[in-house]
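These notes concern the structure reproduced below.
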Amino acid sequence: GLKFTMYDRNIGRDAVLMEFQLDRSEFPPTSPLKKATWVEYRKEARDATVCSPRVKNLVLVFRIMVSDGSDRLVTEQQYASFHSDFSNIVYTEQVIQAGGKQKSSDNNDEDNALLQCWQATNSKNAVLWILGRTDGFNHIQVAKKLFLSRGYDLYVLNYKQTGLCQRQ
């Protein structure tokens, strides 16, 4: 499931305002992205496992969609053009050998990782994007808007059974 915790960072040690759990059984059904639908949830503070009196009338409204991952969010063409959309961005990839060892016949390629790098000239800020359990880096629209267009370097770590390291 998902655990939501809302903090008030203005009070000492990040006081918890509201906390609740959304069990996996409450998630929308898994389906291909083209058929997946958003499900809206309303969580009232009074039903939370932790609730500060300051937010007793708060209602958190959010939506969730669950895709089975069989459809891509972006096409292969869009993904390929992403590398050349910015004139000041240099794209590189670095294979990180399992255990820091050099490549040998003993190494299992499944244990290697791949670090994708989009580096801007003169950048002093960077974001490390660590993929989720079975995720892949398909969020080019987010990367463009939030990071690259603002001059951040972007590093995406693909590791065992995620992103570009998944078995095909």
Side-chain angles (χ1 to χ4, degrees), residues 1-22 27 33 36 38 41 43 50 52 54-55 58 60-104 107-168:
L2 293 173
K3 181 179 180 182
F4 293 83
T5 306
M6 187 179 303
Y7 295 97
D8 183 345
R9 295 186 188 260
N10 294 321
I11 297 179
R13 295 178 293 133
D14 296 342
V16 174
L17 293 174
M18 180 174 151
E19 186 172 272
F20 66 90
Q21 180 89 20
L22 184 68
F27 285 13
L33 185 60
W38 289 99
Y41 298 86
K43 293 293 184 178
V50 175
S52 165
R54 296 178 54 213
V55 295
L58 178 78
L60 179 64
V61 178
F62 60 97
R63 298 181 327 157
I64 295 178
M65 176 193 326
V66 180
S67 164
D68 65 4
S70 62
D71 299 347
R72 290 180 160 236
L73 293 173
V74 294
T75 67
E76 288 186 35
Q77 275 183 323
Q78 289 170 315
Y79 187 76
S81 73
F82 172 62
H83 300 291
S84 59
D85 282 352
F86 295 89
S87 60
N88 65 329
I89 301 289
V90 175
Y91 175 77
T92 58
E93 293 179 351
Q94 180 180 351
V95 174
I96 302 169
Q97 299 294 327
K101 299 175 186 171
Q102 294 298 318
K103 180 79 173 160
S104 73
N107 286 32
N108 182 350
D109 285 341
E110 287 181 12
D111 293 334
N112 294 337
L114 176 70
L115 183 65
Q116 295 176 278
C117 311
W118 288 268
Q119 295 173 302
T121 52
N122 301 320
S123 174
K124 294 183 180 175
N125 299 303
V127 173
L128 174 59
W129 190 310
I130 300 175
L131 300 176
R133 205 172 56 165
T134 57
D135 196 9
F137 181 68
N138 297 317
H139 310 286
I140 60 175
Q141 70 285 3
V142 174
K144 283 181 183 181
K145 187 174 183 178
L146 294 181
F147 309 125
L148 298 179
S149 66
R150 296 179 181 188
Y152 283 78
D153 290 345
L154 176 62
Y155 298 88
V156 177
L157 181 61
N158 299 265
Y159 54 94
K160 188 173 184 168
Q161 297 304 311
T162 66
L164 298 177
C165 293
Q166 288 182 10
R167 283 192 189 131
Q168 300 299 324

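Contacts of Q21 classified as side chain to side chain donor-acceptor pair (under 3.5 Å), with partners at least two apart in sequence or in another chain: none. Residues passing the side chain to side chain donor-acceptor pair (under 3.5 Å) test with S123 are D153, sequence neighbours excluded. In this view, T92 and V90, C117, Q119 satisfy the side chain to side chain contact (heavy atoms under 4.5 Å, CB included) rule, not counting sequence neighbours. Partners of K3 under the salt bridge (Lys or Arg N to Asp or Glu O under 4.0 Å) rule, at least two apart in sequence or in another chain, are E19. Shown here are the ring pair (Phe, Tyr, Trp, His ring centres under 6.0 Å) partners of Y41, two or more places apart in sequence or in another chain: F62.
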Can you check side chain to side chain donor-acceptor pair (under 3.5 Å) on Q116 and Y155, steps first, answer last?
CA-CA 6 Å; Q116 295 176 278; Y155 298 88; over 6 Å; no

V50 vs M18, test: side-chain contact (heavy atoms from CB on, under 4.5 Å). Steps then yes/no.
CA-CA 5 Å; V50 175; M18 180 174 151; over 6 Å; no

Test side-chain contact (heavy atoms from CB on, under 4.5 Å) applied to I64 and L2, step by step:
CA-CA 11 Å; I64 295 178; L2 293 173; 3.9 Å; yes

Would V16 and M6 count as a side-chain contact (heavy atoms from CB on, under 4.5 Å) if you check the C-alpha gap in whole Å, the side-chain angles of each, and the deciding distance to 0.1 Å?
CA-CA 6 Å; V16 174; M6 187 179 303; over 6 Å; no

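Counting all heavy atoms, side chain and backbone alike, L22 lies closest to F4 at CB-CE1, 4.2 Å.
To the nearest 0.5 Å, atoms NZ (K43) and CZ (F20) are separated by 6.0 Å.
Within a 6.0 Å sphere centred on OH of Y152, heavy atoms belonging to other residues, nucleotides or ligands number 12 at most.
In this structure, L157 and W129 have side chains that are not in contact, with every pair of non-hydrogen atoms separated by 4.5 Å or more.
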